[in-house]
Structure formats: C-alpha cells, structure tokens
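Notes follow the structure.
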Amino acid sequence: MTSERVCYLYAVVATDDAPPTFRVGRGVDGAEVTTVAQGPLTALISEVPASRYGEPALTSHVEDLDWLTDTARAHHRVVEALARVTAVAPLRMGTVASDAAAVRDLLTTNRDRFGRVLERVRGRLEWGAKAYLIDTPVDTPTGSPTDTGTDTRTDPPTDTVGTGASGPGTAYLLRKRGQRDRARRALARATERAQRLHELLASHAVAAKTYPPQDPKLAGRPEPMVLNATYLVADSAADRLRAAAASFEADDLRVELTGPWAPYSFTEDSSS
Amino acid sequence: MTGDPNRYPDGELRFEGRSEPGWVGEPVEKRRLEESLSATDQRWSATDDGYQDGQRIALVDLLDRLLTGGVVLNGEVIISLAGVDLVHVSLRALISSAAKLLDSP
C-alpha cells in the first residue's frame with residue numbers, strides 16, 4: 001500500500017509561521033494537501049500514486065502538456081496560497097520523495113538552507129516585468145539582437161540611397177538593406193531602453209534576475225520580447241515598483257508587470 | 001481517492017481567523033490548450049481579493065518560474081525532475097503543441 005504512494009512536495013514554511021490550523025484543498029493529481037513537520041520546518045506535501053509521480057512516470061510525463069499544465073497549476077495554487085500569508089520556500093516543480101519519513105529526513109538535512117531561504121524572502125514577494133518592442137517592421141528578426149553593436153547609432157533614419165547607386169535592382173537592394181538596418185537599430189534602441197527599465201526596477205528590489213525572452217509563439221504576441229525579468233521586492237516597496245513601471249517613458253516599448261508571485265526565482269542558496 | 005469529492009473543501013488553503021470569501025479555488029481539471037497556452041485563464045488568477053488581481057497568469061510566465069525556480073533537493077530519497085532539462089523538454093512540448101494549433105484551422 002505505502003509502496004504505491006510517494007510524496008509530492010510543494011513548499012517549505014517555518015513551523016512557527018505555519019498558520020495554526022488549515023485545511024488545504026486539492027493539490028497535484030487531485031490529491032489532498034497535508035503537512036509534514038520536522039522541528040522548525042514544515043513541508044506541504046501530497047501523497048500521490050507512484051504510478052503517476054514515481055521514478056519513470058515523472059520523467060515520461062514531462063512532455064505531456066496536459067500533465068505539465070495541471071501539475072504546474074496545482075503546484076502554484078498551493079504555493080501561492082501559502083505565500084499570501086507567510087514566508088514560503090517553494091520547491092522546484094516535480095520534487096517527489098519516497099515517503100513522509102524521507103520528507104522529514106530532507107527537512108533535517110536541509111534545515112539551514114531552508115532557514116536562509118525563508119529569511120531571505122520574508123516580507124518580500126516576486127514581481128515580473130516583460131517588455132516588448134512595438135512598431136517593429138515585420139521583417140525584424142525575432143531572435144536575440146546580437147549583431148547590433150556595430151551599427152552607427154547616430155545615423156538618422158533615412159531613405160536616401162547612397163551616392164552612385166544606379167539601376168532599380170541596386171536601389172531595391174539598398175532599400176531592403178536600409179529597412180533591415182533600421183529594424184536592427186530599433187531593436188537595439190529598445191533593448192537599451194529595456195535595460196534602463198530593468199535597472200530602474202531593480203533599484204526598488206532586493207534582488208533581480210533575468211529570464212531568456214519568451215518565444216513569441218508561447219508569449220502569444222508577435223513582437224520581440226526585449227526584457228523578461230523578475231524582482232524580489234519588499235512588500236513595503238511594491239507600490240513604488242509598480243509606479244516606476246507605470247511611469248517609465250518609452251514609446252517603443254510595451255511594459256507588462258506581473259505579480260506578486262511567490263518568490264520562486266529567489267530560492268537559490270547563494271550570495272548572488 | 002481519500003474522501004468523497006463532494007465533501008471536498010473548496011480548494012482553498014483556509015486559515016483560522018482569516019476569512020477570504022472571495023477566493024474560491026477550483027478543482028484541477030483538464031483545460032484546453034487554447035485556453036492555457038499563451039495568456040488567458042482568468043479563473044486561474046485565483047483571487048478576487050488580491051494576488052495577481054485582475055491579471056491573467058500566462059502559463060509561460062508560470063513555467064519560467066516553476067521549471068527553473070524553487071529549491072532543488074537532491075539525495076537518495078528524492079525522485080526529482082531536477083536532473084532533467086525541464087525547460088528544454090517542456091518548451092519542446094509547448095512549441096510543438098502551439099505549432100499544431102496554429103496549423104489547424
């Protein structure tokens with residue numbers, strides 16, 4: 001019986017901070033969410049079938065989008081509910097232990113580490129910021145703007161074809177090249193501005209992290225994403241961060257702020 | 001399987017002395033990819049009273065965080081996806097699903 005079940009872990013909280021009593025709704029796989037306490041730390045877990053969350057099943061499910069979506073949402077639901085009321089150390093999605101004793105063992109072994117994470121995120125939440133380049137020409141490459149460094153930025157955009165151009169073919173090629181160059185410069189300018197936005201937002205945060213730009217297909221927008229960053233922000237500074245994002249002036253950028261999130265991105269136990 | 005679904009609490013983590021009537025969790029259920037892929041599950045915003053208020057949480061934003069964030073545990077007792085390149089495989093799955101969607105009329 002027990003050998004058929006494993007423990008899915010969502011997050012760890014300080015036992016002292018854990019609310020006195022709670023009822024928890026469904027977690028992953030529709031399972032009940034319960035707690036395992038060990039000294040100063042309490043883990044939120046669900047017992048789930050090994051057939052779905054055990055060793056080979058877990059890895060084979062990763063490419064199953066339904067499984068991934070359901071698991072991500074259930075994981076998030078539990079973590080978010082906790083983050084609303086206390087400092088929480090989220091676990092990486094897909095962390096599964098063999099049984100409750102193993103969970104207690106993990107809490108003991110990683111006691112100091114969890115303690116540091118909880119201390120770091122206490123009174124703080126995560127905010128995400130994404131910026132998209134708007135009004136970009138259709139033929140702008142959507143990849144990363146890597147080869148823009150050599151552009152002469154001081155050149156004003158111009159349609160005049162250089163001296164000595166002759167013949168419609170040459171003019172066409174030069175025009176095409178001009179369009180490409182302008183698009184590239186627009187992307188470079190937007191990327192620079194996005195960097196300034198990032199620095200501005202980071203000045204309201206205790207830590208910042210950037211993610212790779214999302215694939216336009218997944219982001220659901222055709223515009224290139226020039227910033228995908230996330231910030232650990234004290235609750236008392238959240239309004240200032242929002243105001244800063246809202247007032248950032250950039251006519252070629254569309255800025256989106258998301259959050260607050262549970263501090264998923266700031267659980268690394270390092271000085272960085 | 002523990003318990004009867006009708007008797008199941010409303011999905012919320014509910015704390016004594018703190019009432020949040022606006023927040024009604026809903027059971028995890030299969031959702032259509034079209035709803036979930038890019039940006040669009042109002043229900044998922046989970047709250048009428050706070051978190052991500054008025055915002056829709058995009059699955060991609062969530063996966064940015066869930067697949068690369070969080071504490072990674074290792075050890076004998078752990079069956080973890082930590083060793084798997086989650087980002088790579090899941091994005092591959094997402095992109096191929098998105099491509100299928102776009103291809104279909």
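Convention: sequence-line order gives letters A, B, ...; per-chain numbering from 1.
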Over all atoms of both residues, closest heavy-atom pair of [X] and [Y]:
X        : Y       : result
A:Thr95  : B:Leu73 : CG2-CD1, 4.3 Å
A:Arg113 : B:Val72 : NH2-O, 2.9 Å
A:Ala72  : B:Leu62 : O-CD2, 4.0 Å
A:Thr267 : B:Gly69 : OG1-C, 4.3 Å

I'd like to check [X] versus [Y] (side-chain heavy atoms, cut-off strictly below 4.5 Å). Are they in contact?
X        : Y        : result
B:Leu66  : A:Arg92  : no
A:Tyr264 : B:Thr68  : no
A:Glu126 : B:Arg65  : yes
B:Asp64  : A:Asn228 : yes
A:Lys130 : B:Val60  : no

Is A:Phe266 in contact with chain B via its backbone, its side chain, both, or neither, using a 4.5 Å heavy-atom distance?
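Neither the backbone nor the side chain of A:Phe266 comes within 4.5 Å of chain B.
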
Side chain to side chain contact (heavy atoms under 4.5 Å, CB included) between A:Thr69 and B:Leu59, worked out
CA-CA 8 Å; A:Thr69 303; B:Leu59 181 60; 3.7 Å; yes

Neighbour count >12 (heavy atoms, 6.0 Å) for atom CZ, A:Arg254
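Yes.
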
